[in-house]
**Q** 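Sharing a structure with you now.
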2 protein chains.
Amino acid sequence: MNILLVEDDPRLSALIRRGLEEEQLTVRVAYDGLEGQQLALAQPFDLIILDVLLPGRSGLEVLAAIRARDPDVPVLMLTALGTTTDKLQGFGSGADDYLVKPFDFAELVARVRALTRRSNPAPKGSRLTFADLVMDIPSRTVTRAGQALRLTAREFNLLEVLLRHPGRVLSRSEIAEHGWDEAFDAGSNVIDVYVSYLRKKVDHSFATKLIHTVMGAGYVLRQE
Amino acid sequence: MNILLVEDDPRLSALIRRGLEEEQLTVRVAYDGLEGQQLALAQPFDLIILDVLLPGRSGLEVLAAIRARDPDVPVLMLTALGTTTDKLQGFGSGADDYLVKPFDFAELVARVRALTRRSNPAPKGSRLTFADLVMDIPSRTVTRAGQALRLTAREFNLLEVLLRHPGRVLSRSEIAEHGWDEAFDAGSNVIDVYVSYLRKKVDHSFATKLIHTVMGAGYVLRQE
DNA sequence: CTTCCACCAGCAGAATGTTCATGGGCAAGC
DNA sequence: GCTTGCCCATGAACATTCTGCTGGTGGAAG
């Protein structure tokens, strides 16, 4: 995880850098606004921590320049200016969070984590979960409430399709597209049959059912 | 933009609700933890504002339950507990932001905006709303005032047609075109019957009616 | 103000459509 | 040859959709 820290106070920037590196984050430091802006525009970062009061070019100007080019990168403003007006200016320029000095270092880390969490969609494709249902793709195992389920290949594929679109109603043809190979007879009831098999293994021995049918539409993975 | 506010203090929740509604946001309020959790799991929100100290079930427990199901929805914790330990607990449970009471209302709005800004690549056209009626297309769910409605396929189609042309009077043949397939007997009263079904589910148990008849012309979705 | 009539609401039951569960055929792997 | 997984066909159970009808409503004409 790559972080850009723009902070002119060398003592503070060193402190923050060291702390973040202990959290397994990679930190690049810029000591004035211009340098920060150039770095931010030159390479992609996962997060930018930006002081407001900077020599050369204010943090707000830098933020505006960054947002013009990249509206998505998370930016955390970090400054001694704590009035609501200051905060509104920061958010107004496109900041995602605003932390007032002096701050507790643990809180900074927590906010950094919160901002970066979403941008890095956890090792996706390796594990899908819904409620107490857990599917591990590499090992092709599925458990519900910790109890292992023995699924056949088709059943596994079908459940995978459902797990990739939780809460969304999937029509039979959508399911067929993802879980069956090209040739698929629309007049067949294979999908119904496999949903039935799946239910027997996934839902039958549990109180809360997860697989639901929506008449005239298809099937959904839904709680309740 | 749909927001769920979980806050037991009626004065404060009314205040926040009013303020957010002035910002063109739709707000649903829950007054205890259990209600909040049920709502959060029952329908998709763009943002959840969660008090920590709640009767029934603490905000942290509610957050954990939400995160188990939906790791993506932005959650802003809002509480009087302002120590770093409290904040860390909040972030640790999966909060995206943490605001300590008393707070400046403008800052809350700014943080709400910051959190919802990004999350909006919501496939447009995926949700239709009118007054307190919300239709979510992917999950094929419809709620009024947060309460789920069970609609059949036809009823759903019909309501969708109405929701796509709010305030416009739709003739029977226009409705038939969109909600029924080609072959449609003009001499039939099917549409009247389905409007009747819809009314029973959408309007009957609410004071303000949304579906209105325009004699000699058709039907219209209108408030008042 | 009353009458009339096209129009509409709502019901009940028939017709239709959809889904579920099952048994059995077939093919592949052991 | 036996087991296992995959698929099809069938009918029963169920949910939905439609039709036909009765009674009610509202507005224009008298």
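Here is how names work: the chains are called A, B, and so on, in the same order as the sequence lines, proteins then strands, and each is numbered from 1.
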**Q** If you check the Asp192(B) side chain, which of dT19(C), dC20(C), dA9(C) turns out closest?
**A** dA9(C)
**Q** Starting at atom OH of Tyr194(A), determine the distance to atom C1' of dG5(D), rounded to an integer number of angstrom.
**A** 6 Å
**Q** Nearest 0.5 Å, what's the CG-CZ distance between Asp96(A) and Arg111(A)?
**A** 12.0 Å
**Q** What is the distance from NE2 of His212(B) to C1' of dG26(D), rounded to the nearest Å?
**A** 17 Å
**Q** Taking C-beta and beyond as the side chain, do Val109(A) and Val112(A) meet within less than 4.5 Å on heavy atoms?
**A** no
**Q** As a test of reading the structure: which of dA9(C), dG20(D), dC8(D) is closest to the side chain of Val190(A), going by heavy atoms?
**A** dC8(D)
**Q** Nearest nucleotide by nearest heavy atom, which residue falls closer to the 5' end of DNA chain C, Ala217(B) or Arg199(A)?
**A** Ala217(B)
**Q** Determine the contact category for Val195(B): base if any of its heavy atoms lies under 4.0 Å from a base atom, sugar-phosphate if only primed atoms, P, OP1 or OP2 are that close, otherwise nothing.
**A** nothing
**Q** Counting only side-chain nitrogens and oxygens, does Arg154(B) get under 4.0 Å of the OP1 or OP2 atom of dA15(D)?
**A** no
**Q** Check whether any side-chain N or O of Ser188(B) sits under 4.0 Å from OP1 or OP2 of dC18(D), and answer yes or no.
**A** no
**Q** Between Asp132(A) and Arg144(A), does at least one N-O distance fall below 4.0 Å, as a salt bridge requires?
**A** yes
**Q** Taking CD from Glu155(B) and P from dG10(C), how many angstroms apart are they, rounded to a whole number?
**A** 14 Å
**Q** Counting only side-chain N and O atoms of Ser196(A), is one of them less than 4.0 Å from OP1 or OP2 of dA21(C)?
**A** yes
**Q** Measure the distance from NZ on Lys200(B) to P on dT17(D) and round it to the nearest whole Å.
**A** 14 Å
**Q** Salt bridge check, Arg18(B) against Glu22(B): does any charged N sit closer than 4.0 Å to a carboxylate O?
**A** no
**Q** Tyr219(A) OH to dT18(C) P: how many Å, rounded?
**A** 12 Å
**Q** Starting at atom CZ of Arg172(A), determine the distance to atom P of dC8(D), rounded to an integer number of angstrom.
**A** 14 Å
**Q** May I have the step-by-step check of side chain to side chain donor-acceptor pair (under 3.5 Å) for Thr213(B) and Arg199(B), ending in yes or no?
**A** CA-CA 11 Å; Thr213(B) 305; Arg199(B) 277 211 251 245; 2.8 Å; yes
**Q** Looking at every strand, decide which applies to Phe156(A) at a 4.0 Å heavy-atom threshold: base, sugar-phosphate, or nothing.
**A** nothing
**Q** Does the base of dC7(D) carry an N or O that pairs as donor and acceptor with the side chain of Tyr197(A) under 3.5 Å?
**A** yes
**Q** dG10(C) C1' sits how many Å from Ile191(B) CD1, rounded?
**A** 16 Å
**Q** Are any of Thr152(A)'s side-chain N or O atoms less than 4.0 Å away from OP1 or OP2 of dG5(D)?
**A** no
**Q** From CG of Asn157(A) over to P of dC7(D), roughly how many Å is that when rounded to an integer?
**A** 10 Å
**Q** For dC8(C), take OP1 and OP2 only and decide whether either is under 4.0 Å from a side-chain N or O of Thr213(B).
**A** no
**Q** Please check the phosphate of dT17(D) (OP1 and OP2 only) for any side-chain N or O of Trp180(B) closer than 4.0 Å.
**A** no
